[in-house]
Trainee: 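Provided herewith is a single structure, encoded as structure tokens, for subsequent inquiry.
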Amino acid sequence: MTFRASGMRAWLLQRLSSVYMVVFIVAVLLWYAMSDTISYAAWRDLLAHPVIAVAVALFFSSLLIHAWIGIRDVLIDYMPIMGLRLIM
């Protein structure tokens, strides 16, 4: 059984994306808790940093990957009719 055919890749991608999202959310909440002023300018200045911008892009990419794998697995596992599964 290969790594691709076993479902291990999807499992690993979903776990890695969830770990990244949790770490990102905790970091944002810590920044929010430690920040004295929360304003549009503060968010704009934070997102102006290239490292933060890449981290946000990775967060949304991880979110999309995580959701896609979850929906795909639900459809594969609980949609017995192939034609309906392809439509969904």
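All residue numbers refer to positions in the sequence shown, counting from 1. Treat the numbers as computed from the prediction; the structure is a model and nothing was measured.
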Trainee: Going hydrophobic residue to hydrophobic residue with side-chain gaps under 4.5 angstrom, can you get from Tyr20 over to Leu29?
Mentor: yes
Trainee: Other members of the hydrophobic cluster containing Val74, with the 4.5 Å side-chain heavy-atom rule, please.
Mentor: Tyr78
Trainee: For Thr37 versus Ala42, what's the shortest heavy-atom pair and its separation?
Mentor: O-CB, 3.7 Å
Trainee: Quick check: is Trp31 connected to Met21 through a chain of hydrophobic side chains (ILVMFWY, heavy atoms under 4.5 Å apart)?
Mentor: yes
Trainee: Kindly compute the distance separating CD1 (Ile76) from CZ (Arg72), expressed to the nearest 0.5 Å.
Mentor: 4.5 Å
Trainee: Show the atom names and distances, to 0.1 Å, of all donor-acceptor pairs under 3.5 Å that link a side chain in residues 46-68 to residues at least two apart or in another chain.
Mentor:
residue	atom	partner	partner atom	Å
Ser61	OG	Ala57	O	2.9
Ser62	OG	Leu58	O	2.9
His66	ND1	Gln14	O	3.2
His66	ND1	Ser17	OG	3.1

Trainee: Let me check something: do Val19 and Ile25 share a hydrophobic cluster, defined by ILVMFWY side-chain heavy atoms less than 4.5 Å apart, either directly or through other members?
Mentor: no
Trainee: Would you say that Trp43 contacts Ile38 through its side chain, given a criterion of any heavy-atom pair below 4.5 Å between the two side chains?
Mentor: yes
